[in-house]
Amino acid sequence: MLDKRKIRLMTKMSIYEKNYGKEDIKISGYYKKDYSSLHTWITLIWITVGYILAAALFVLFGAEALLEGLTIVKLFVLAAVAVGAYLGLLIIYGIGAGKFYRNKHTQAKQRVKKYYRDMSRLEKIYKKEYRNHE
């Protein structure tokens, strides 16, 4: 005879495995601080690469206008603005990425915990069925 509770539980677990399972288990294998730190550093590295590419494009396409009337003072001001913008961007993205990845780890850990709880419930149902059939 079909057990509705068991079918619902198995369906719920299957949906979780299909949607989140692999990624959540991989994420929950890290400590929260390690996971968020690693991914924050990766984000900061990509921000740096993107900023360098954008600055290079700006220099390539605006080189003529940049060189007209360029003085040492204007060069230092331009460099200060570029470095300031880069540091500001780095700080904003660093804080945002840290919060994002800490929340992502927390949510994944909660979903995995719920999944393991469902697994133990399913195991209890199977053990109960096995004892009833003996």
Side-chain angles (χ1 to χ4, degrees):
M1 186 168 171
L2 297 175
D3 185 3
K4 288 182 182 178
R5 216 175 51 171
K6 184 171 76 173
I7 292 171
R8 283 189 193 120
L9 193 57
M10 289 173 72
T11 304
K12 180 179 165 186
M13 290 170 61
S14 176
I15 291 170
Y16 168 77
E17 287 172 0
K18 183 179 179 189
N19 294 334
Y20 300 105
K22 286 183 180 180
E23 185 180 359
D24 279 357
I25 290 173
K26 194 185 325 179
I27 290 171
S28 67
Y30 289 95
Y31 290 110
K32 184 191 296 188
K33 185 175 180 177
D34 292 342
Y35 180 76
S36 66
S37 296
L38 172 69
H39 285 83
T40 300
W41 277 109
I42 291 170
T43 300
L44 294 179
I45 289 168
W46 281 111
I47 290 296
T48 301
V49 169
Y51 191 82
I52 290 170
L53 290 174
L57 285 174
F58 178 75
V59 168
L60 283 175
F61 291 111
E64 194 172 312
L66 254 169
L67 292 176
E68 283 182 22
L70 186 66
T71 62
I72 297 294
V73 174
K74 285 183 182 178
L75 184 65
F76 281 125
V77 169
L78 187 61
V81 168
V83 169
Y86 170 68
L87 291 176
L89 198 64
L90 219 56
I91 289 169
I92 290 169
Y93 270 91
I95 291 169
K99 287 181 181 181
F100 174 78
Y101 287 113
R102 279 191 300 275
N103 288 339
K104 187 174 180 178
H105 184 275
T106 301
Q107 291 170 356
K109 198 81 164 176
Q110 289 172 348
R111 286 190 298 260
V112 168
K113 195 177 203 179
K114 194 173 182 181
Y115 175 73
Y116 285 143
R117 195 176 318 124
D118 289 343
M119 288 281 273
S120 71
R121 285 183 186 147
L122 190 61
E123 182 183 20
K124 286 177 185 176
I125 291 171
Y126 277 114
K127 283 182 180 179
K128 185 177 178 183
E129 283 180 359
Y130 180 74
R131 274 186 263 136
N132 288 341
H133 284 71
E134 285 184 345

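Note that the structure is predicted; figures quoted are calculated from it, not measured. For reference, positions follow the sequence shown, starting with 1.
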Report task. Applying side chain to side chain contact (heavy atoms under 4.5 Å, CB included), run through Lys99 and Arg102 and close with a yes or a no. Result -> CA-CA 5 Å; Lys99 287 181 181 181; Arg102 279 191 300 275; 3.5 Å; yes
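- Here Ile47 contributes atom CD1 and Thr43 contributes atom OG1; the two are 7.0 Å apart, rounded to the nearest 0.5 Å.
- Atom CD1 in Ile52 sits 12.0 Å away from atom CG in Leu57 (nearest 0.5 Å).
- With hydrogens and angles disregarded, no donor-acceptor distance shorter than 3.5 Å links the side chain of Ser37 to the backbone of Asp34.
- Neither side chain, Tyr30 nor Ser36, offers a donor N or O lying under 3.5 Å from an acceptor on the other.
- For the pair Leu75 and Leu70, the tightest heavy-atom approach, listed with the atom from each and the gap, is N-CD1, 4.1 Å.
- Closest heavy-atom contact between Ile27 and Ala108: CG2-CB, 3.8 Å.
- Note: Arg5 CZ to Ile125 CD1 = 4.5 Å, rounded to the nearest 0.5 Å.
- Residues Thr48 and Tyr86 are in side-chain contact: their nearest non-hydrogen atoms beyond the backbone lie under 4.5 Å apart.
- Residues Tyr115 and Glu17 meet the side-chain proximity criterion, which asks for heavy atoms closer than 4.5 Å.
- Counting non-hydrogen atoms of neighbouring residues, nucleotides and ligands closer than 6.0 angstrom, the CD1 atom of Ile72 reaches no more than 12 such neighbours.
- Between Tyr101 and His105, the distance separating the two ring centers is not shorter than 6.0 angstrom.
- Rounding to the nearest 0.5 Å gives a distance of 11.0 Å between OH of Tyr35 and OG1 of Thr106.
- Atom NZ in Lys128 sits 15.0 Å away from atom CD in Glu123 (nearest 0.5 Å).
- Considering OG of Ser28 and CZ of Arg111, their distance stands at 10.0 Å, rounded to 0.5 Å.
- Classification of Lys104 and Glu23 as a salt-bridged pair holds, one side-chain N sitting under 4.0 Å from a carboxylate O.
- Of all heavy-atom pairs between Tyr51 and Ala82, the closest is OH-O, 2.6 Å.
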Requested in this report: Just do the side chain to side chain donor-acceptor pair (under 3.5 Å) check on Tyr16 and Asp118 with the steps written out, would you?
Outcome: CA-CA 11 Å; Tyr16 168 77; Asp118 289 343; over 6 Å; no
